[in-house]
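Contents: one structure, followed by commentary.
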2 protein chains.
Amino acid sequence: MFSLDQLSAFVAVAEELHFGRAAERLNMTQPPLSRQVQKLERAVGARLLERDNRKVELTEAGQAFLTEARRLLALVETAGDLARRVDQGAAGTLRLGFTATSAIRTLGPLLRRLSEELPDVDVILHERVTPGQIDGLLRGELDLGLGRPPFDSDVLDSRIVSREPLCAVVPGNHRLAALGRPLTSADFSGEQVISYSPTQARYFHELTVRFLAESHPRIEQRVQQILTVILLVAAGRGVALVPASARHLGVEGVTYCDLAGPGQAVELHAIWRRDATSPVLQRVLTMLPEHH
Amino acid sequence: MFSLDQLSAFVAVAEELHFGRAAERLNMTQPPLSRQVQKLERAVGARLLERDNRKVELTEAGQAFLTEARRLLALVETAGDLARRVDQGAAGTLRLGFTATSAIRTLGPLLRRLSEELPDVDVILHERVTPGQIDGLLRGELDLGLGRPPFDSDVLDSRIVSREPLCAVVPGNHRLAALGRPLTSADFSGEQVISYSPTQARYFHELTVRFLAESHPRIEQRVQQILTVILLVAAGRGVALVPASARHLGVEGVTYCDLAGPGQAVELHAIWRRDATSPVLQRVLTMLPEHH
DNA sequence: AAAACATGATTCCCGAAAGGTATCACTCGA
DNA sequence: TCGAGTGATACCTTTCGGGAATCATGTTTT
């Protein structure tokens, strides 16, 4: 089999049609260049250059081989580049889990930054509730999740990506909508409150329960998705607590009210396996917005 | 820059996921193999294999690089093959000149054989009268011609490809058509004879003149192409001499008559430059039908 | 016609690089 | 704790590639 140096030698001679000049271009002297070309011809099994003491020209086989040689050398360049880019996380695949809520304000900008800064990274999106993301991460189906606590911090590492206040959402014609001031826990006494699944949306479930702990609302509905909650509110089935970014969902017929007291922060975490090695993941982690 | 040997080494290890077995497959021992892989990684600038004392596995960069490496090695194989095939004339381009007449019986079978036996040879066809072919051969525009004598045998080499009798073509209602016997030169006395251009179809011109030397026909029309001649005959403009294969042209309203006496042979020659080096040409020449 | 020149091939030498043997360092299972 | 298995390292030998000088041959110049 021939070597890449022999290919470069041949290409140089084929382009210069002169051994001396080709040798100069290759920063070597003419004799070893002649030998390399001879070796290449022996390896290929065909005469590639017709040469006498006066001129050098390509044979037909040489013409055909020159094309292939150029392609090969080009591929050599790009092969290394590709591997380096993958190594540095600038190319590859990121399987990203996200909750419907995280998509409202966080996912869009993140995807935009990714496609700008790492255009060769393919992002595969999986919409899942947080437990589903954790499951996916542990099974190796996901590289990164955007979800809510809690999660096992022995195996999973995480970082807060966004933090926003909790707010109340009430029907547009509801008495709470008319108060015009931040709502307290007591305001919810006797209200029909729509809350969250303790298993599939545990985080919002606990936030809701904690905020309303001192009042005595009636909690009947327990759903998983923020959007479902708001649609139920719009349908007059009760009131609910949602993250502030839900205002941007654009559901008609509901009013959003601030909550009084120390801000109940809703945190969104980026979550990944502590032992993950994916270069793309490492690279993306450096791009995540920092909150505290 | 890395070497092809290093690529092969990497591919072997990546496939075996075991240095020892990979080394065995490459007919070498494990230590130099380890070194080659290390060198490759340094050359590429990325870790390609994650290895400890217990297992070997591909990194993401290694996965990407493996694909490129395989493609590269495949190209190495095909590049050599291609050059060899071109060298042996099994691939490449043949610029083939031919006369309209040669197309009747010779060109078709030749092209069929070429596409069967040398499917990677592209044949570019140029229909030209013989002097045009000779010109093309000398200018380097053609590799091979199918034409008639004479031509300069110092520069051009040739071989007879087909030999066929001359015959007469007469209008279907002509008195000569009714004779029912081979025609002699004398039969043409007083006939209007259509002949050929002394420059552009010199061969047929001379054949006609020679055959009719002893009679006294009237020769007025002088054309280049056999088909034109026959169409003129069909139109009643006279009689003419054509090669026997012209019967297969399927022109209506004419009758073909054998000629008496020693067969006037019409020869078709393959013609090429004596100094031609094209491997395709050399290969095609070995495939040409042999006549004498 | 002879001499000078140009060009690729050949020869010989040296140093760099590759392969082999022996051994080390480390992990895992008995 | 020890032995088996695995990749890395050290050291030696061999091979291979590059450089200087020279050759062979054909072209140009004088």
Side-chain angles (χ1 to χ4, degrees), chain A residues 1-59 61-63 65-66 69 72-73 76 80 275 277, chain B residues 1-59 61-63 65-66 69 73 76 275 277:
Chain A
M1 192 170 68
F2 52 81
S3 78
L4 293 175
D5 288 340
Q6 287 164 6
L7 281 190
S8 307
F10 167 67
V11 170
V13 176
E15 287 175 353
E16 300 284 347
L17 292 180
H18 189 289
F19 278 73
R21 284 195 298 275
E24 191 175 356
R25 209 174 87 180
L26 295 167
N27 293 317
M28 60 192 289
T29 54
Q30 169 263 321
L33 176 59
S34 287
R35 275 185 318 218
Q36 291 299 344
V37 172
Q38 290 165 10
K39 274 194 152 182
L40 177 63
E41 288 180 323
R42 253 184 296 133
V44 170
R47 177 150 270 253
L48 302 176
L49 293 163
E50 193 60 45
R51 45 200 187 276
D52 57 20
N53 289 329
R54 210 61 203 162
K55 67 184 183 307
V56 178
E57 54 189 19
L58 281 166
T59 63
Q63 188 70 54
F65 192 74
L66 176 59
L72 235 154
L73 291 174
V76 166
D275 64 356
T277 58
Chain B
M1 194 170 69
F2 51 81
S3 77
L4 292 175
D5 287 341
Q6 288 164 5
L7 281 189
S8 306
F10 167 68
V11 171
V13 176
E15 286 174 352
E16 299 285 348
L17 292 179
H18 188 290
F19 279 73
R21 283 195 299 275
E24 191 174 357
R25 212 175 85 180
L26 294 168
N27 293 317
M28 59 190 291
T29 54
Q30 169 263 321
L33 176 59
S34 288
R35 278 188 314 231
Q36 292 300 342
V37 172
Q38 290 164 9
K39 276 193 150 182
L40 177 62
E41 288 180 321
R42 253 182 295 133
V44 170
R47 179 149 266 252
L48 302 175
L49 292 163
E50 193 59 47
R51 46 199 188 276
D52 58 21
N53 288 329
R54 213 59 204 166
K55 67 181 183 309
V56 178
E57 54 189 18
L58 281 167
T59 63
Q63 189 70 55
F65 192 74
L66 176 59
L73 291 174
V76 166
D275 64 354
T277 58

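Each chain gets a letter, A, B and so on, in the order the sequences are listed, and its residues count up from 1. Only a predicted model underlies this, so the values are computations on that prediction, with no experimental measurement involved.
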Heavy atoms within less than 4.0 Å of DNA chain D: which residues of residues 39-50 of chain B have one? Give them sorted by number.
none

Taking only side-chain N and O atoms of Ser34(A), does any of them lie within less than 4.0 angstrom of OP1 or OP2 on dA9(C)?
yes

Find the distance Gln30(B):CD to dG19(C):P and express it as a whole number of Å.
13 Å

At 4.0 Å (heavy atoms only), tell me whether Gln38(A) reaches a base, stays on the sugar-phosphate, or touches nothing.
sugar-phosphate

Selection from dT25(D), dT10(C), dA25(C) that lies nearest to any side-chain heavy atom of Pro31(A):
dT10(C)

Which residue, Val11(A), Leu40(A), Leu58(A), forms the side chain to side chain contact (heavy atoms under 4.5 Å, CB included) with Phe65(A)?
Leu40(A)

Could you list by number each residue of residues 5-15 of chain B showing a heavy-atom separation from DNA chain C of less than 4.0 Å, or answer none if no residue does?
none

Pairs in or reaching into residues 38-50 of chain A: which pass side chain to side chain donor-acceptor pair (under 3.5 Å), with residues at least two apart or in two chains?
Glu41(A)-Arg51(A)

Toward the 5' end of DNA chain C, which comes first, Phe19(A) or Asn27(B), by nearest nucleotide?
Phe19(A)

Using a 4.0 Å heavy-atom cut-off, does Arg54(B) contact any base of the nucleic acid, only the sugar-phosphate backbone, or nothing at all?
base

Assess whether one donor atom and one acceptor atom, taken from the side chain of Gln36(B) and the base of dA18(C), lie less than 3.5 Å apart.
no

Is the base of dG26(D) touched by the side chain of Arg51(A) through a donor-acceptor pair closer than 3.5 angstrom?
no

Going by modelled atom types, is there a donor-acceptor pair between the base of dG17(D) and the side chain of Arg35(A) at under 3.5 Å?
no

